[in-house]
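Let me begin by presenting the structure, written as structure tokens, before commenting on it.
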Amino acid sequence: MKSRWLVLLSLLILIIIAGKMYDDHRVQPLTWLIPDDPAPFEYMHFSVGKQSPEDGGIYQWSTEDEQVARELLEYLGDFKVKKINEGRYNEDLNQGERFKFEIHHTGRNPIIVHGKETGVHLLVGNYYEIVEGSIDPEWLRVFSDQHGGEA
């Protein structure tokens with residue numbers, strides 16, 4: 001009787017693990033991974049690889065306009081992603097223009113996303129590749145110029 005329960009428990013554990021692995025590696029819309037937090041929106045930081053003339057760092061701008069953040073998430077919602085490991089994400093780290101954004105809500109941890117044309121990194125530790133098409137760096141530059149000004 002004990003061995004029967006042990007076998008059933010082992011099968012249940014295997015089914016749970018297999019289901020989790022399938023769920024982690026299936027193709028899904030990018031915006032499903034970025035939570036639409038019901039807490040009040042505070043602000044968003046955004047950068048798209050522009051250089052600041054003062055210190056040679058990345059140009060970053062901020063906004064308290066929630067519609068600007070929604071516009072960015074709406075654009076990203078068109079992309080389908082699949083989970084990958086960090087090594088695969090870093091293989092082409094220096095290819096393409098990088099971008100970063102943080103969305104802050106009252107009383108919550110920020111949503112932090114680093115990305116490039118072919119993939120995104122949702123902090124902390126989740127890496128995804130874009131499986132259909134790629135994120136258009138020109139769209140990101142126009143978005144940044146329109147809402148944050150030119151560096």
Side-chain angles (χ1 to χ4, degrees), residues 6-52 55-63 66-148 151:
L6 187 59
V7 168
L8 287 174
L9 181 61
S10 298
L11 283 174
L12 179 63
I13 291 171
L14 285 173
I15 290 170
I16 290 171
I17 290 170
K20 176 70 173 141
M21 287 176 62
Y22 169 77
D23 190 48
D24 280 350
H25 293 86
R26 67 187 167 95
V27 173
Q28 54 196 323
L30 177 57
T31 51
W32 282 10
L33 304 170
I34 302 171
D36 187 14
D37 202 319
F41 177 84
E42 287 185 358
Y43 58 91
M44 177 181 83
H45 292 305
F46 184 86
S47 63
V48 69
K50 294 183 178 183
Q51 296 297 312
S52 169
D55 59 6
I58 297 294
Y59 170 71
Q60 178 174 294
W61 53 267
S62 298
T63 183
E66 185 174 7
Q67 292 308 313
V68 173
R70 290 202 180 280
E71 180 182 342
L72 176 62
L73 294 177
E74 185 176 307
Y75 172 71
L76 294 175
D78 292 338
F79 295 98
K80 304 270 192 269
V81 296
K82 182 177 177 184
K83 192 170 188 176
I84 57 174
N85 64 33
E86 181 179 6
R88 181 149 178 218
Y89 179 83
N90 289 329
E91 281 176 4
D92 61 345
L93 181 65
N94 294 320
Q95 296 177 2
E97 189 165 321
R98 289 181 243 160
F99 66 94
K100 174 186 170 189
F101 66 90
E102 299 176 18
I103 298 176
H104 295 259
H105 291 88
T106 304
R108 307 274 194 206
N109 289 333
I111 298 163
I112 303 172
V113 178
H114 294 196
K116 51 190 175 179
E117 292 176 42
T118 58
V120 293
H121 174 202
L122 282 75
L123 274 62
V124 175
N126 295 311
Y127 299 87
Y128 299 88
E129 71 178 330
I130 308 292
V131 294
E132 296 174 10
S134 62
I135 296 173
D136 182 8
E138 181 61 27
W139 188 95
L140 294 172
R141 281 191 295 277
V142 169
F143 172 80
S144 182
D145 293 345
Q146 190 175 43
H147 297 292

How many angstroms lie between [atom1] in [X] and [atom2] in [Y], if you round to the nearest 0.5 Å?
X      : Y      : atom1 : atom2 : value
Thr63  : Phe101 : OG1   : CZ    : 14.0 Å
Leu72  : Phe46  : CG    : CZ    : 5.5 Å
Leu76  : Ile130 : CG    : CD1   : 8.0 Å
Lys116 : Leu140 : NZ    : CG    : 14.0 Å
Asp78  : Glu132 : CG    : CD    : 11.0 Å

Looking at side-chain heavy atoms only, is the closest gap between [X] and [Y] below 4.5 Å?
X      : Y      : answer
Val113 : Ile111 : yes
Phe99  : Ile135 : yes
His104 : Met44  : no
Val81  : Leu33  : yes

**Prompt:** Would one find more than 12 heavy atoms of other residues, nucleotides or ligands at under 6.0 Å from atom CD of Glu74?
**Reply:** no

**Neighbour count above 12 (heavy atom, 6.0 Å) for Asn85 CG** = yes

**Asked** Have Glu86 and His121 got a donor and an acceptor in their side chains that come within less than 3.5 Å?
**Response** no

**Request:** Check the pair Val68, Trp61 against side-chain contact (heavy atoms from CB on, under 4.5 Å), reporting the backbone distance first and the verdict last.
**Result:** CA-CA 12 Å; Val68 173; Trp61 53 267; 3.9 Å; yes

**Asked** Hey, mind stepping through Glu71 and Gln146 against side-chain contact (heavy atoms from CB on, under 4.5 Å) and telling me if it holds?
**Response** CA-CA 12 Å; Glu71 180 182 342; Gln146 190 175 43; 3.9 Å; yes

**Asked** For the residue pair Trp139 and Tyr75, does the interplanar ring angle fall in the parallel (under 30°), tilted (30 to 60°) or perpendicular (over 60°) class?
**Response** parallel

**Item:** Parallel, tilted or perpendicular, as decided by the 30° and 60° cut-offs, for the rings of Phe41 and His105
**Value:**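 Because their plane-to-plane angle is over 60°, the rings of His105 and Phe41 count as perpendicular.
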
Taking every non-hydrogen atom, the tightest pair across [X] and [Y]:
X      : Y      : result
Pro29  : Gly77  : CB-O, 4.4 Å
Tyr128 : Leu122 : CD1-CD1, 3.8 Å
Phe79  : Ser134 : CE2-O, 3.2 Å
Gly115 : Tyr89  : CA-OH, 3.9 Å

**Message:** Let's go through Glu66 and Arg70 carefully: what are the C-alpha distance in whole Å and the side-chain angles of both, what is the deciding distance for salt bridge (charged side-chain N to carboxylate O under 4.0 Å, His left out) to 0.1 Å, and is it a yes or a no?
**Reply:** CA-CA 6 Å; Glu66 185 174 7; Arg70 290 202 180 280; 3.1 Å; yes

**Message:** Quick test of your reading of the model: are Glu102 and Lys100 salt-bridged, counting only N-O distances below 4.0 Å?
**Reply:**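 Salt bridge: yes.
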
